[in-house]
Each structure stands twice: as C-alpha cells, then as structure tokens.
Amino acid sequence: MASATEAAWRGARPDVGAALRSVHDTRTLDIRRGALADVGQVLREAFDDRAGFVVADERTFAAAGADVVERLRAVGRSAGEPLVFPGTPAPYPDAAHLERVEQAFASVDAVPVVVGAGTLNDLTKLAAHRLGRPYLCVATAASMDGYTSFGAIVTQDGFKRTIGCPAPRAVIADLDVLAAAPTELNAAGYGDLLGKVTAGADWLLADALGLEPIDPGAWALVQPPLRSWLERPDTLREGDPDALERLFEGLTLVGIAMQLASSSRPASGAEHRFSHLWEMEALDAGHAAFAHGFKVGVGAIATAALYERLLTRDLRSLDVDAAVRAWPARDALEASVRAMHANPVVADNAVSETMAKYVEADALRTRLVRLRDVWGDLREALAAQLLPAASLRRMLAAAGAPTHPSHIGVDAARFRAAHAAARTIRARYTVLDLLFETGLHAEVVDEVLAPDGYWGAGDA
Ligand SMILES: [Zn+2]
C-alpha cells in the first residue's frame, strides 16, 4: 500500500514515511479521500489476502462499517456476520465487552477489522493481541490519538489502565468519512492533541530529574510540528478538509511516537491524569462519559495554570530541608491516598500506583537538590514548551471544545479535589508530583483557584 500511503501524505510533512518505517506494528497508513475503496487491497497486501471480520457499533456501522462489509463481500473476503454493538449507550472498554469481542474474533479465522474510534479500537486492539492476530482499523472520526498508538485503555473493576499491546498493522482513514463525523468528535480530537503541550512539559520535567529520559525520535515526531497542527482551530470547526487532515496527521504521528517509545509518555501527562480520574468518577456515578479529548482539554488548561504559578517561583532557592521534613511516611501517604477515592478498587489501584513512585526521604533530598541545580535551564525549557492557560482556553473554544470543568460535569469541589487525586492514579511523574514533592502543591492549587487566580477570574 506504499503508493496510497505516499499519495495520502503528499504535501504533508516529509518524515511520515520515515516514521512509519521506524516502527514495527503499523505498516500501512491509507489516509485520503475515498480510502474506504482500498479495504480489499489493504487486506491483500498487509494481511496475506485473508478475510476480514468487522466489529463496529450502530453509529460507526452506519458511517462506514456497512460500506466496508459490502466491499469485503464483493471481493469474497468477508468472514461471518459483523459484530455490531448498540450505538446508545456507547460500548464501554470493560471486561464484559472485551470478552465479547475476543470470543467473536476467536470464532472465525479472519483478520479483525474494527470500524470506529476510541473504545472500539481499544477493545479490538487488546482482543486481537490476546489472540495473537494483527488487525486493521478503519477510522471514523479524528477524535483521539489511539488509532496508531501502542497500548489500549481499558477499565478493570472501575479502574482505568493502559495495557501495553501492539498498534494496528494497517489504518484506513477516509477523509470523507472523517468529515461526515459529528463535529464534536473532531473537536475532541483537537483537545487530545492540544494535551501534548502539557504532556511535553511533563516529559521535560521527568527527563531533567533523570526519571524518564526523552526519546528523541518520539519527541521529534510530536513536539516540533505541534504548534502548526494546533494553529487554526476555527477552520476545524468550519469543517475545512485541510484542517481535518492536519488534525488527523497530528493524531497519527502522536500514535506512532507512542509505538516508537513503547509507552504513552509522548502523549500523556498530568492532563490525562485529570481526564482518567473524571472518567472513573463518571463511571462510578453512572453518568454518561464526555468525550476523552474534552476532558483532556480541560485537564490541559488546569495543568498549564499550575505550571504558570510554578514558573513564577525560583526553585534554585528551594528549601530542601523543609520539604524533606514535611515528606510523609509510607503509612500516612497510603491513608491519604485511600481517602481520596470513594471506589475501593480505584483506591487500591491508586495506592499501588502512588507507592510505585514513592521515594524515601534520602532519595527525595537527592532529587530536590538536583531540581535546584537544573531549575534555571529547566524553567526556560518549560516556558518555551508551554502556552498560557488562557491561550489554551481560547484555542479549545475556537475548536468547539469545552473549556471549564462545569462544561464536563465536574463541580468546584470535585475540581479542587482532582488536583490532588489525579496525581495518585498513575506512577508516571508529572508536574503534580513535582508540586507535591517540593511541598508547593497546596499553595499553588490555592493560587489557581483563588478569586484572582486563573480559575477564579472571569469566565476562565
Ligand atoms: Zn488521549
């Protein structure tokens, strides 16, 4: 499918082909208007001409799934009856759905072909991996970066986690199908992409502290072009095809960066901790979930607001002794983490994630001394990486995405609590950890939530 790949990326950044050659999972990206017509050819060239078995939900089946099945039947490459989940409520990435998808795949000797975005792709990715089969993804909206990413996000007993598993071998994205998707789905994709601003800052932080070195290849795919992908949210909202293609290019390259790093680090920092926390809380409360990218967008504003306050400080004069004296012992920390989560399964998982990144007082001292030493350069790098919270808000609003916790069903009390609880649900180091370890967390959160702080002022 090289020719279609090249055609698809003509005029786009020249390093996409090279990026694709540098990863193992995804070999074919067929992204252009009318790409659905290639489905038989993709199966032939990327999957040894095996038959395909389609999984979709009612919405994605109507958007592209029926077309895919028809085209596969026309070339004698359709296996069994497609598995089509109800459109409402949308399928959830839990054990029951996963079981169903895996059983359906196991019942036919065929290539799993998922037609859909987020959850459907995650379910298929993990089920296909468990069966040891490569799969084909047919995108239906530019709604998130998971199409080409390493790993699937699933929920186990109410706790969301990312499970490492290969990306699809091939992705077909017909730009006509993406353009026909509900505009809010593409706005959600914009929110997910905008989250790479703060995710990049968190990676700079973890790198500078010697905790998680930056992978230069993965970084280069995402961060240098990020601002150009994000620069015209208004045109995306108007349905401009170029804007949609740019957005999809960005989301795709972020996914490839995750494949390169075998980690979601290139794509996910504190903004995703906020998002995943709110997702789990909504699940507990039985609320319909808002789009992933909408929560990431608000989480990115929250994270940027925290960074803004942090960067006003000169940590070269950080009182390391005071921070070490105030550092909680394991038992005290575990109790406080447990108290933050009403769902006992989430609490257990949060404790194990938090304890996985816990360091003893001596190690904390070493880390904070290092922070003091690197802060001059680090502060400059962070300032160059970040955008003001107010800019992120304007960009999201222009794209048609939510910009305030109340827009995604999070009230003021839960929003305040999220600043502490979000830190606990994953071992990955972010600005939330830096604030906690330096003893600045409470005062910085107070500052952003104060009447004259970012969230207190005006419409924020
Ligand atoms: Zn995301």
Side-chain angles (χ1 to χ4, degrees), residues 90 92-93 116-123 125-126 137 139-155 159-165 167-168 171 181 184-203 218-219 221-223 226 229-230 233 236 247-280 282-283 289-304 392 395-396 399 401-403 408 418 422 425-426 428 430-432:
Y92 202 78
T119 296
L120 286 166
N121 184 47
D122 279 337
L123 288 169
K125 194 184 287 185
L126 190 52
C137 178
T140 50
S143 55
M144 44 92 229
D145 59 26
Y147 287 118
T148 49
S149 72
F150 173 87
I153 296 167
V154 293
T155 304
F159 190 76
K160 275 181 99 74
R161 64 169 72 249
T162 304
I163 298 184
C165 54
V171 177
E184 72 160 40
L185 291 181
N186 297 330
Y190 185 86
D192 203 17
L193 193 57
L194 178 133
K196 311 322 168 204
V197 173
T198 47
D202 282 341
W203 204 358
W219 180 271
L221 285 182
V222 176
Q223 294 299 338
L226 180 57
W229 292 328
L230 295 172
L236 182 68
L247 172 61
F248 201 84
E249 170 187 315
L251 293 169
T252 300
L253 280 171
V254 171
I256 291 174
M258 287 189 261
Q259 287 188 44
L260 260 185
S262 294
S263 159
S264 61
R265 175 57 105 167
S268 154
E271 74 297 322
H272 273 75
R273 299 296 82 71
F274 279 102
S275 165
H276 288 177
L277 178 75
W278 291 328
E279 181 86 13
M280 293 191 287
L283 182 66
F290 288 87
H292 168 73
F294 286 173
K295 286 170 286 190
V296 171
V298 176
I301 299 175
T303 305
L392 298 183
M395 293 157 79
L396 286 167
T403 58
I408 52 168
I425 59 171
R426 187 150 186 191
R428 176 169 294 164
T430 71
V431 66
L432 300 172

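This chain uses plain numbering: 1 for the first residue, then up along the sequence. Both counts, for ligands and for their atoms, begin at 1 and track the order of listing.
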Side chain of Tyr190, backbone of Leu396: donor and acceptor closer than 3.5 Å?
no

I'd like to know if the side chain of Gln223 reaches the main chain of Pro266, judged simply by a donor and an acceptor atom lying under 3.5 Å from each other, with no hydrogens or angles considered.
no

Which N, O or S atom of Asp192 lies nearest to the Zn ion (ligand 1), by name
OD1

For Phe274, give me all partners under ring-ring contact (aromatic ring centres under 6.0 Å, His included), at least two apart in sequence or on another chain.
Trp278, His419

Please name the atom of His292, restricted to N, O or S, that is closest to the Zn ion (ligand 1).
NE2

Going by the rule side chain to side chain contact (heavy atoms under 4.5 Å, CB included), which residues pair with Leu283 if we only count those two or more places apart in sequence or in a different chain?
Tyr92, Thr155

Would Asp145 count as a contact for the Zn ion (ligand 1), in the sense that one of its N, O or S atoms lies under 2.8 Å from it?
no

